[in-house]
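In this chain, residues are counted from 1 in sequence order.
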Amino acid sequence: MLAENIPFNTLLVLLSLVAGVALLRSRVTKTDLWHATLTPLSSIIGSGFLIMAPLLASIVGPLSPIAIVGIVLIAFSAGHVIRFNIRFLEPRLAEGRLLPGTRHIEQLGNLVLAFAYVVAVAFYLSLLSSFLLNYFAVSSLFLERCLTTSIIVFITTVGYLRGLGGLERLEAFSVNIQLAVIASLMVGLVLFSISFYSSSELDIQYTLRPIPVQLQMLAGALLIVQGFETSRFLGDSYSQEIRVKSSRNAQIISGILYVASVALLMPVVQGMDLHEVKLAEIVQAMMPVALVLPAMLMLAAIMSQFSAAVADLGGGGGLLREGTRARVATRFGYILVSAFAVGLVWTVDLLEIVAIASKAFASYYLLQTLLAIIYNRKDRPQGAKLTVVNEVFFSILALVLAYIVVCSISAE
């Protein structure tokens, strides 16, 4: 049996170690572009990489690989809008040359996104704490909240004392671990899939729903791949061109990983209870692939939530600096985001408001798309031509995002 094959398990561990060392020693990972890419990449793959395959399988079953391609393409389209606004809208915003209505839309979008970041930081780190405590058979809401608060304080302290560079070092550490584990995961899943399809057929048991309901659930799943917008708020440390490239590169890397992982995880997912997907069950479901993968994925799961929280804290600090026109320094922005996140951890059930946060992210992308439409029509520099392709593209995307804001629901 492949899973119990000692040389195979040893190979996966060695592959993970080699990948990790290669990432640490690579010249690419020492460039400004890679450091800038870490924040959006951490947020995108950290917020849902492990959960996406079983989540989609619970909605559309064997059509999950097609669904993830559609989700990635819509997310990349929203990312294109963010990058368009970094190039063209942001300079005019900094110079105070936007129309009054446009400035109000930008401010509303920032307010909505700030709320989403606060919830995201609290939610990701609460998941991390819950998963870690459950692994050691500890079930205590008080201890979970204490651990979550301690992690938030630690990250905030690093951000305040070391600035964005300090947060990027935390991100680099956690992302390198994730990518190293993912490299082993992909190899293991490829070999497992070859073995599986040579002797079995895919049979995923999921609840059949009307197509409109499936589309509403898929619309909610889109927000799992959020995070590319964080490049927008790194202007304190990186040039416009690097931020544009960092957002695009993060989406390309994460898009490839999401599509490949969802396709390869279908044989594993078919044995899971898809009515209530839990992170611990996903990790244990890797046992048939290789005995070492559950432990490796537990580490990756912890690092993924940690890196996503660090990335969104970094984005939130940069957002507050931009929104207040530098009256609030980025380092103090980290403290404000963290303070509100700690408040949420101790006062509310985060599962009840995370759906609202997801709609908040979608609302931000919608408002950014409206800004791009207004710029393209009315606010572009005198003499610049109206781009018909952009006009059509932005309008279609705005309709899609409006549907997500209004109609998206969580998978049940």
**Q.** side-chain hydrogen bond (donor to acceptor under 3.5 Å, both in side chains) partners of T230, counting only residues at least two apart
**A.** none
Q | Interatomic distance, L367 atom CG to L108 atom CG [nearest 0.5 angstrom] | A | 5.0 Å
Q. Sequence neighbours excluded, which residues qualify as side-chain hydrogen bond (donor to acceptor under 3.5 Å, both in side chains) partners of S184?
A. none
(Q) Distance alone, cut at 3.5 Å: any donor-acceptor contact between the side chains of Q270 and Y206? (A) no
Q: Please answer whether the main-chain N or O of L191 pairs with a side-chain N or O of S195 as donor and acceptor at a distance below 3.5 Å.
A: no
Q. Got a second to check how far I204's CD1 is from L63's CG, nearest 0.5 Å?
A. 9.0 Å
Q: For L73, look at atom CG and say whether over 12 heavy atoms of other residues, nucleotides or ligands are found less than 6.0 Å away.
A: yes
Q) For Y258, does its backbone N or O pair with a side-chain atom of S261 as donor and acceptor, under 3.5 Å? A) yes
**Q.** L399: side chain to side chain contact (heavy atoms under 4.5 Å, CB included) partners, not counting sequence neighbours
**A.** none
Q.
For the OH atom on Y197, are there more than 12 heavy atoms of other groups (residues, nucleotides or ligands in this structure) within a distance under 6.0 Å?
A. yes
Q) Rounded to the nearest 0.5 Å, what separation is found between the CE atom of M303 and the CD atom of Q178? A) 8.0 Å
(Q) Within the 4.5 Å heavy-atom criterion, are Q251 and P40 side-chain neighbours or not? (A) no
**Q.** Aromatic ring proximity F306/Y124, centre distance under 6.0 Å
**A.** no
Q: Tell me, please, which residues at least two apart from R232 pass salt bridge (charged side-chain N to carboxylate O under 4.0 Å, His left out).
A: E90, E106, E322
**Q.** T149: side-chain hydrogen bond (donor to acceptor under 3.5 Å, both in side chains) partners, not counting sequence neighbours
**A.** W346
Q: Kindly assign one of parallel, tilted or perpendicular to the pair F233 and Y364, based on the angle between their ring planes and the thresholds 30° and 60°.
A: tilted
Q: Quick one: list whatever passes side chain to side chain contact (heavy atoms under 4.5 Å, CB included) with S338, sequence neighbours left out.
A: I152, T156, L313
Q) So, do F115 and F340 have ring centers that fall under 6.0 Å from each other? A) no
Q: Give a yes or no answer on whether the side chain of R321 reaches the backbone of A329 with a donor-acceptor pair at less than 3.5 Å.
A: no
Q: For residues H35 and Y238, establish whether the separation of their ring centroids is below 6.0 Å.
A: no
Q) Side chains of R243 and S231: is there a donor and an acceptor less than 3.5 Å apart? A) no
Q. Between T39 and A36, is there a donor-acceptor pair closer than 3.5 Å when you use the side chain of the first and the backbone of the second?
A. no
Q | Residue Y403 excluded, over 12 heavy atoms near OH under 6.0 Å | A | yes
Q: Answer yes if the side chains of R83 and Q240 hold a donor-acceptor pair under 3.5 Å, and no otherwise.
A: no
Q. Hey, is the main chain of G61 close enough, under 3.5 Å, to the side chain of S64 for a donor-acceptor pair?
A. yes
Q | Set of salt bridge (charged side-chain N to carboxylate O under 4.0 Å, His left out) partners for E144, sequence neighbours left out | A | none
Q.
So if I apply the side chain to side chain contact (heavy atoms under 4.5 Å, CB included) rule between T37 and each of I242, N249, T31, D32, which one comes out positive?
A. N249
Q: Flag yes if more than 12 heavy atoms outside Y160 fall under 6.0 Å of its OH atom; otherwise flag no.
A: no
**Q.** Any donor-acceptor N/O pair, S307 side chain to S304 backbone, under 3.5 Å
**A.** yes
**Q.** Reported CD-to-OG distance for the pair Q205 and S58, which is rounded to 0.5 angstrom
**A.** 13.5 Å
Q: Can you sort out the partners of R87 under side-chain hydrogen bond (donor to acceptor under 3.5 Å, both in side chains), two or more places apart, ordered by chain and number?
A: E241
Which pairs of donor and acceptor atoms, one on a side chain in residues 285-299, lie under 3.5 Å apart (sequence neighbours left out)?
none

Q) Hey, would you say the Y365 and F228 ring centroids sit under 6.0 Å apart? A) yes
Q. Does S16 reach the main-chain N or O of V13 with its side chain, forming a donor-acceptor pair under 3.5 Å?
A. no
Q. Which pairs pass salt bridge (Lys or Arg N to Asp or Glu O under 4.0 Å) with one or both residues in residues 287-298, sequence neighbours excluded?
A. none
**Q.** Any residue meeting side chain to side chain contact (heavy atoms under 4.5 Å, CB included) with P212, in chain and number order, not counting sequence neighbours
**A.** P210
(Q) Closer than 3.5 angstrom, by distance alone: can the side chain of N376 be matched with the main-chain N or O of A372 as a donor-acceptor pair? (A) no
Q | Check: C407 main-chain N/O paired with Q216 side-chain donor or acceptor under 3.5 Å | A | yes
Q: Not counting sequence neighbours, which residues clear side chain to side chain contact (heavy atoms under 4.5 Å, CB included) with L257? List them please.
A: I45, F49, L179, I182, M186, I253
